[in-house]
Amino acid sequence: MDEKDLQSEYYILTDEEGNELKFEVIGSTEINGTLYYAMIPVDDQPDEEDVYEYVILKAEKDEDGEDVLVTIDDDEEFDNVADFFDDMLSDEADYDLNNDGE
């Protein structure tokens with residue numbers, strides 16, 4: 001495991017109203033040549049009875065060639081990527097629960 005595996009990756013994203021929000025990357029994958037990220041807001045921590053809700057964004061290039069993260073507009077594309085992250089994150093949660101030192 002290298003040092004990057006031990007560090008969290010964060011992005012400051014700007015919403016439609018111009019508000020800046022900090023997100024932590026909890027997963028990423030490349031599907032059909034497109035990079036996707038699952039992220040949770042850092043400043044909006046859930047209560048104990050709540051669960052984290054995450055957002056899925058994809059990496060694209062803007063008109064200036066800069067890397068940007070955008071929402072997924074295509075329902076089928078979103079469903080496929082969401083299924084992948086749901087499976088991945090539920091597997092990690094199961095692993096964490098089953099390996100708690102007991």
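The figures here come from the full heavy-atom set of this structure, side chains too, leaving out hydrogens, waters and symmetry mates.
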Original post:
To which residues is Leu69 joined in a hydrophobic cluster, defined by side-chain heavy-atom contacts under 4.5 Å among Ile, Leu, Val, Met, Phe, Trp and Tyr, whether direct or through other members?
Top reply: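 Members besides Leu69, by chain and number: Tyr11, Leu13, Leu21, Phe23, Val25, Leu35, Tyr37, Met39, Val55, Leu57.
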Original post:
Is the number of heavy atoms from other residues, nucleotides or ligands under 6.0 Å of Asp64 CG greater than 12?
Top reply: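 Yes.
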**OP:** Any pair with a residue in residues 69-80 that passes salt bridge (charged side-chain N to carboxylate O under 4.0 Å, His left out), sequence neighbours left out, goes on the list, sorted by first then second residue, please.
**Re:**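 Of all non-adjacent pairs touching residues 69-80, those that pass salt bridge (charged side-chain N to carboxylate O under 4.0 Å, His left out) are Lys58-Glu77.
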Original post:
Looking only at heavy atoms, what is the nearest atom pair of Phe78 and Ile72, with distance?
Top reply: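 So the two residues come closest at N-CG2, 3.7 Å.
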Subject >> Closest non-hydrogen atom pair, Val42 against Glu24 >> reply: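 Result for this residue pair: CG2-N, 3.7 Å.
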Subject >> side chain to side chain donor-acceptor pair (under 3.5 Å) between Tyr36 and Asn80, intermediate numbers included >> reply: CA-CA 11 Å; Tyr36 298 92; Asn80 289 336; over 6 Å; no
Original post:
Taking C-beta and beyond as the side chain, do Ile56 and Tyr54 meet within less than 4.5 Å on heavy atoms?
Top reply: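 Result yes, sub-4.5 Å side-chain heavy-atom pair found.
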Original post:
Is there a donor-acceptor pair under 3.5 Å between the side chain of Asp15 and the backbone N or O of Glu17?
Top reply: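 Answer holds: yes.
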**OP:** Measure the OG1-CD distance between Thr14 and Glu20 for me, rounded to the nearest 0.5 Å.
**Re:**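 Thr14 atom OG1 to Glu20 atom CD measures 4.5 Å (nearest 0.5 Å).
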